[in-house]
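Throughout, residue positions are numbered sequentially from 1 according to the sequence presented.
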Amino acid sequence: MPFSARPGAAGDARAFTAAFLADVTDPLVVADAVLLVSELVGNALRHGSEPGALVLVRAAGRLRIEVSDASPRPPLPRRPRGPDEAGGLGLFLLSRLALRWGWRPSGPGKTVWCDVRLPAG
């Protein structure tokens with residue numbers, strides 16, 4: 001799913017993810033995946049360059065989430081800030097909710113990816 005810096009882009013990515021996982025019976029797994037997509041797309045829009053793309057792949061009990069942007073700068077985890085300050089939670093959430101995550105160069109930019117456990121069945 002391509003995306004650009006326009007109002008509603010992150011919401012579209014969340015809706016796309018929820019629809020992709022419509023048959024998953026565990027609502028917490030779907031909520032985690034939707035949250036991670038929102039954070040990754042938000043980071044790509046905030047810190048990356050256009051255009052961006054979201055790719056979702058299901059395989060062997062897991063969901064692979066990939067978000068690409070045109071910036072070659074690697075993601076830099078930051079220490080979460082205080083409750084009254086914005087920022088710093090995206091990669092922290094990723095490290096807590098995903099089975100694993102990473103990034104790789106992709107064309108002129110990069111792709112940040114993570115794996116989420118999917119329930120059997």
Discussion item. Please enumerate all residues that pass salt bridge (Lys or Arg N to Asp or Glu O under 4.0 Å) together with Arg46, with sequence neighbours excluded.
Written reply: none

Worksheet item: Heavy atoms, side chains only, cut-off 4.5 Å: are Met1 and Val67 in contact?
Response: no

Identify every side-chain donor-acceptor pair in residues 32-41 under 3.5 Å, counting partners at least two apart or on other chains, and give the distances.
from, atom 1, to, atom 2, distance (Å)
Ser38, OG, Arg14, NH1, 2.9

Discussion item. Restricting to side-chain contact (heavy atoms from CB on, under 4.5 Å), what partner residues turn up for Asp26, sequence neighbours left out?
Written reply: Leu28, Val29, Arg117, Pro119

Name each donor-acceptor pair under 3.5 Å that joins a side chain in residues 104-114 to protein atoms two or more places apart or in another chain, with its distance.
from, atom 1, to, atom 2, distance (Å)
Arg104, NH2, Glu66, OE1, 3.2
Arg104, NH2, Glu66, OE2, 3.3
Ser106, OG, Thr111, OG1, 3.4
Lys110, NZ, Asp69, OD1, 3.0
Lys110, NZ, Asp69, OD2, 3.1
Lys110, NZ, Ser71, O, 3.2
Lys110, NZ, Arg73, O, 3.0
Thr111, OG1, Ser68, OG, 2.6

Item to complete: Please report the C-alpha distance between Arg62 and Val116 in whole Å, then the side-chain angles of each, then the deciding distance to 0.1 Å, and finally whether the side-chain contact (heavy atoms from CB on, under 4.5 Å) criterion is met.
Response: CA-CA 5 Å; Arg62 70 174 172 84; Val116 177; over 6 Å; no

Response to the item:
Across all chains, not counting sequence neighbours, the side-chain contact (heavy atoms from CB on, under 4.5 Å) partners of Ala31 are none

Discussion item. Nearest 0.5 angstrom please: Leu56 CG to Leu54 CG, how far?
Written reply: 4.5 Å

Worksheet entry | Any Leu63 side-chain heavy atom under 4.5 Å of Leu21 side chain | yes

Discussion item. Filter on side-chain hydrogen bond (donor to acceptor under 3.5 Å, both in side chains), then keep only pairs touching residues 90-103, sequence neighbours left out; what's left?
Written reply: Arg100-Asp115

Worksheet entry | Val30 side chain reached by Thr17 side chain, heavy atoms, under 4.5 Å | no

